[in-house]
Amino acid sequence: MPAFQTSPGMRDILAPQSVRWRRFVDVFAEVVEAAGYGQLITPLLEDLGVFTRLGESTDVVTKEMYDFVDKGGRHVALRPEVTASVCRAFVEHHPPTPWKTWYAGSNFRYEKPQRGRYRQFDQVGIEVLGADDPYLDVEVIALGWEFYRRLGLRQVTLRLNSLGEPDDRARYVTELAAYFTAHHAELSPESRITLAKNPLRVLDSKRPQDAPVVAGAPRIADCYSDAAAEHFATVQAGLSSLAIPFTIDTGLVRGLDYYRRTTFEYQGGTLDSAQNGLGGGGRYDGLVEALGGPPTPGVGFALGVDRTLLACDDESVFVAPDGATDVFVVDTTGGAEALTITSALRAAGLRAERAFDNRSMKSQMKAADRSGASHAVIVGSNELEAGAAVVRPLRATLVEGQPGQSTVLRSDLVDHLVAHLRNSTS
RNA sequence: GUGGCCGUAGCUCAGUCGGUAGAGCGUCAGUUUGUGGUACUGAAUGUCGCGGGUUCGAUCCCCGUCGGUCACCCCA
């Protein structure tokens, strides 16, 4: 057993999985940059206060934060999400609005790890600050939808809700609290505790015991102001005009309690219900203000990389691209030839590999085969003397009695291979 | 944080009614010595998660611990 291993809920991601990981971010960047979003890179570490502004009733802030006092006496924390950092950056740099940003990176939450739930986990997301337009909500939701489509995911569903204006929401929470208090005895013990902290979250309960009470609860829709109702109607109409299917879920209450108006969540159809939330987001306000800025509306989402990748696995979609090399250089004369040949091939833009430790011809050929290279370049003592090399196709030699290999002068080798590979790939 | 299940070679797992352990895959090397996908032969690798207890003796029983997993919770 190794003396050290990764901390709970944290892990190493090796190739080829890491390749897929990077591709994932690349695809996301392609989708959102096509819509004019610019990447924002923020520190993993922020002043604790940046995150406590997220709200007192969220476990993410109150119980799950990695916080500590640094050597300078500052109370800092590893970010549990990045929306707060985006708002902090907005206040710090006051960019022109609407400010459209995207990000990708790790977040930290001290939770009990499970599959699809890690203490260090990655998210990609977008945030737009400074615009109130319902069509912006539609754009944001549509970009997430388009991203899943680009990955190849088919079984994603979109759940949508509106929490109304802050006043509506406050009024609703009061009504809800009164209702649940009246049905206190019917609630599960866990939900009673939740009720005291945040009545909205009781709607999220997955315990069967709570189902009847939750089903009879007042609806947020009845509390909408005219403005909120109109905003929500426009969002729905916009999604419909883009042919993006959604279902209204009045029980959809996002975890962080800064949301108002539109909230949404993408769910994976193949995942178990406990971990089926692929990503989600919504409209929020008050956050920029809480961080010392002017009143500024915001909207955005964050998508979990792990869960989305799990969903991709279930649908056998977005498989890791193979890092196949083009040419594998076999050198049985000591390795110096392989050094110069691979170097020249790489300079010419080809992916070239070689063997080390002066292994046997057979061993090197095996490695060449495994590398996925389409051609092997073979240099033995004969070739070395003749100033040449053997070029052997590795994938086409299945034909009986046709080795198909040729001897090429070293001076022509690179050009020969470049021409050859261009032909076979196009 | 609470509860259930699990923890044996790099990977997937078998096994010992308690006497320190195996398979497949993978890796490496060979199969008359300059050429890869199949086949054959052979080899290496495990403190049987860790600590303690019971026992003449534990990988197998008991306790604890750590890690994983599932549910709750939370959320991505």
Side-chain angles (χ1 to χ4, degrees), chain A residues 1-11 14 57-64 80-83 105-125 144 188-191 193-194 197-198 201-202 204-210 252-257 265-268 271-281 301-311 328 330-333 355 357 359-384 390-398 403-405:
Chain A
M1 278 297 108
F4 295 104
Q5 45 188 312
T6 54
S7 286
M10 302 190 178
R11 70 259 200 250
L14 317 218
S57 67
T58 70
D59 286 1
V60 169
V61 171
T62 55
K63 291 158 62 174
E64 301 172 355
E81 55 116 62
V82 351
T83 305
S106 292
N107 302 306
F108 301 83
R109 258 120 94 155
Y110 195 89
E111 294 182 277
K112 186 152 179 183
Q114 246 173 264
R115 186 160 178 266
R117 186 171 85 177
Y118 302 97
R119 286 182 176 173
Q120 177 177 344
F121 62 98
D122 276 59
Q123 287 185 329
V124 296
S188 64
E190 293 88 348
S191 284
I193 295 167
T194 307
K197 290 189 300 187
N198 186 348
R201 299 217 57 80
V202 178
D204 253 354
S205 170
K206 289 175 181 130
R207 285 171 297 277
Q209 185 188 346
D210 296 322
L252 178 62
V253 178
R254 309 248 65 246
L256 292 322
D257 55 2
E265 183 170 296
Y266 304 101
Q267 290 191 343
L271 272 37
D272 290 334
S273 65
Q275 255 86 236
N276 70 351
L278 261 33
F301 65 66
L303 314 180
V305 176
D306 300 285
R307 288 183 189 177
T308 304
L309 252 20
L310 285 176
F328 194 100
V330 172
D331 174 6
T332 58
T333 69
D357 293 336
R359 293 258 175 86
S360 68
M361 168 77 70
K362 184 180 177 90
S363 171
Q364 293 194 44
M365 284 304 293
K366 253 179 131 171
D369 183 53
R370 265 196 303 253
S371 76
S374 61
H375 291 77
V377 166
I378 304 170
V379 180
S381 49
N382 296 343
E383 287 77 16
L384 184 58
V390 168
V391 173
R392 180 183 175 88
L394 289 174
R395 291 189 305 197
T397 43
L398 291 165
Q405 66 184 38

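By convention in this document, chain letters (A, B, ...) are assigned in the order of the sequence lines, proteins followed by strands, and residues within each chain are numbered from 1.
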Quiz item: To the side chain of Gln123(A), which of rA76(B), rG30(B), rU35(B) is closest?
Solution: rA76(B)
Quiz prompt | For rC25(B), the Watson-Crick or wobble counterpart (both distances under 3.5 Å) | solution = rG10(B)
Practice problem: Would you indicate what Gln209(A) reaches in the nucleic acid, counting non-hydrogen atoms under 4.0 angstrom: base, sugar-phosphate, or nothing? | Solution: nothing
Quiz item: Expressed in whole Å, how much space separates the P atoms belonging to rA43(B) and rA58(B)?
Solution: 31 Å
Quiz item: Does Lys366(A) make a side-chain donor-acceptor contact with the base of rU27(B), cut-off 3.5 Å?
Solution: no
Quiz item: Between Gly277(A) and Gly9(A), which has a closest nucleotide on RNA chain B that is more 5'?
Solution: Gly9(A)
Quiz prompt | Side-chain heavy-atom pair Thr308(A), Val305(A) within 4.5 angstrom cut-off | solution = no
Quiz item: rC48(B) and rU8(B): how far apart are their C1' atoms, nearest whole angstrom?
Solution: 4 Å
Practice problem: Name the closest nucleotide to the Met361(A) side chain, picking from rC75(B), rC72(B), rU35(B). | Solution: rU35(B)
Practice problem: With heavy atoms under 4.0 Å as the rule, sort Arg109(A) into base, sugar-phosphate or nothing. | Solution: base
Quiz item: With rounding to whole Å, what would you report as the distance between rU55(B) and rC63(B) at their C1' atoms?
Solution: 16 Å
Quiz item: rG68(B) phosphate, OP1 or OP2: any side-chain N/O from Arg11(A) under 4.0 angstrom?
Solution: no
Quiz item: What's the OH-P distance between Tyr118(A) and rG67(B), to the nearest Å?
Solution: 15 Å
Exercise. Pick the C1' atom in rG10(B) and in rA44(B), then give their distance to the nearest Å.
Key: 12 Å
Practice problem: Taking atom C1' in both rU2(B) and rU59(B), compute the distance separating them and give it to the nearest angstrom. | Solution: 31 Å
Quiz item: Do Thr332(A) and Gln364(A) touch side chain to side chain, with heavy atoms closer than 4.5 Å?
Solution: yes
Practice problem: Taking atom types as modelled, find out whether Ser191(A) and Thr194(A) have a side-chain donor-acceptor pair closer than 3.5 angstrom. | Solution: no
Exercise. Starting from C1' on rC72(B), measure out to CZ on Arg201(A) and report it in whole angstrom.
Key: 14 Å
Practice problem: Whole angstrom is fine here: how far is it from CD in Gln5(A) over to P in rG68(B)? | Solution: 8 Å
Exercise. Take atom C1' in rA9(B) and the same atom in rG51(B), then report the distance between them in whole Å.
Key: 23 Å
Exercise. Report the distance from atom CZ of Arg117(A) to atom P of rG1(B), rounded to the nearest whole Å.
Key: 12 Å
Quiz prompt | Whole-angstrom distance between rU45(B) and rA23(B), as gauged at atom P | solution = 14 Å
Self-check item: Below 4.0 Å: OP1/OP2 of rA29(B) and any side-chain N or O of Ser363(A)
Solution: yes
Quiz item: For rU54(B), which nucleotide in any strand shown is its Watson-Crick or wobble partner with both distances under 3.5 Å?
Solution: none
Quiz item: With no angle test and no hydrogens, is the base of rU69(B) tied to the side chain of Arg115(A) by a donor-acceptor pair under 3.5 Å?
Solution: no
Exercise. Report the C-alpha distance between Gln123(A) and Asn107(A) in whole Å, list the side-chain angles of each, state the deciding distance to 0.1 Å, and finish with yes or no for side chain to side chain donor-acceptor pair (under 3.5 Å).
Key: CA-CA 7 Å; Gln123(A) 287 185 329; Asn107(A) 302 306; 2.9 Å; yes
Practice problem: Return the value, rounded to whole Å, for the distance between atom CE of Met365(A) and atom P of rA29(B). | Solution: 14 Å
Quiz item: What is the minimum heavy-atom distance between Gly9(A) and Tyr118(A), and which atoms define it?
Solution: O-CB, 3.2 Å
Exercise. Would you mind classifying the nucleic acid contact of Ile378(A) as base, sugar-phosphate or nothing, using non-hydrogen atoms under 4.0 angstrom?
Key: base
Quiz item: Start at the 5' end of RNA chain B and walk down; is the nucleotide closest to Lys112(A) or to Gly116(A) reached first?
Solution: Lys112(A)
Exercise. Rounded to the nearest angstrom, tell me the gap between atom CG in Asp204(A) and atom P in rA76(B).
Key: 10 Å
Exercise. With the side chain of Pro113(A) defined as its heavy atoms from C-beta on, choose the nearest nucleotide among rG68(B), rU27(B), rU35(B).
Key: rG68(B)
Quiz prompt | Partner set under side-chain contact (heavy atoms from CB on, under 4.5 Å) for Glu111(A), not counting sequence neighbours | solution = Glu64(A), Arg109(A), Arg117(A)
Quiz item: Can you find a donor-acceptor N/O pair under 3.5 angstrom joining the side chain of Gln364(A) to the base of rU35(B)?
Solution: no
Quiz item: Is rA71(B) paired to anything, Watson-Crick or G-U wobble with both distances less than 3.5 Å, and if yes, which nucleotide?
Solution: rU2(B)
Exercise. Report yes or no: is the cationic atom of Arg119(A) (NZ for Lys, CZ for Arg) under 6.0 Å from the centre of the six-membered ring of Tyr110(A), at an angle within 45° of the ring normal?
Key: yes
Quiz prompt | Any N/O donor-acceptor pair, Arg359(A) side-chain to rC28(B) base, under 3.5 Å | solution = no
Self-check item: Interatomic distance at C1', rG49(B) relative to rC60(B), whole Å
Solution: 15 Å
Quiz item: So which nucleotide does rC48(B) pair with, by the Watson-Crick or G-U wobble rule with both distances under 3.5 Å?
Solution: none
Practice problem: May I ask you to decide if Thr333(A)'s main-chain N or O and Asp331(A)'s side chain share a donor-acceptor pair within less than 3.5 Å? | Solution: yes
Practice problem: Assess whether one donor atom and one acceptor atom, taken from the side chain of Glu111(A) and the base of rA76(B), lie less than 3.5 Å apart. | Solution: yes
Practice problem: Can you tell me the distance, in whole Å, between the NZ atom of Lys362(A) and the P atom of rU35(B)? | Solution: 8 Å
Quiz item: Asp210(A) has an atom CG; how far is it from atom P of rC72(B), in whole Å?
Solution: 12 Å
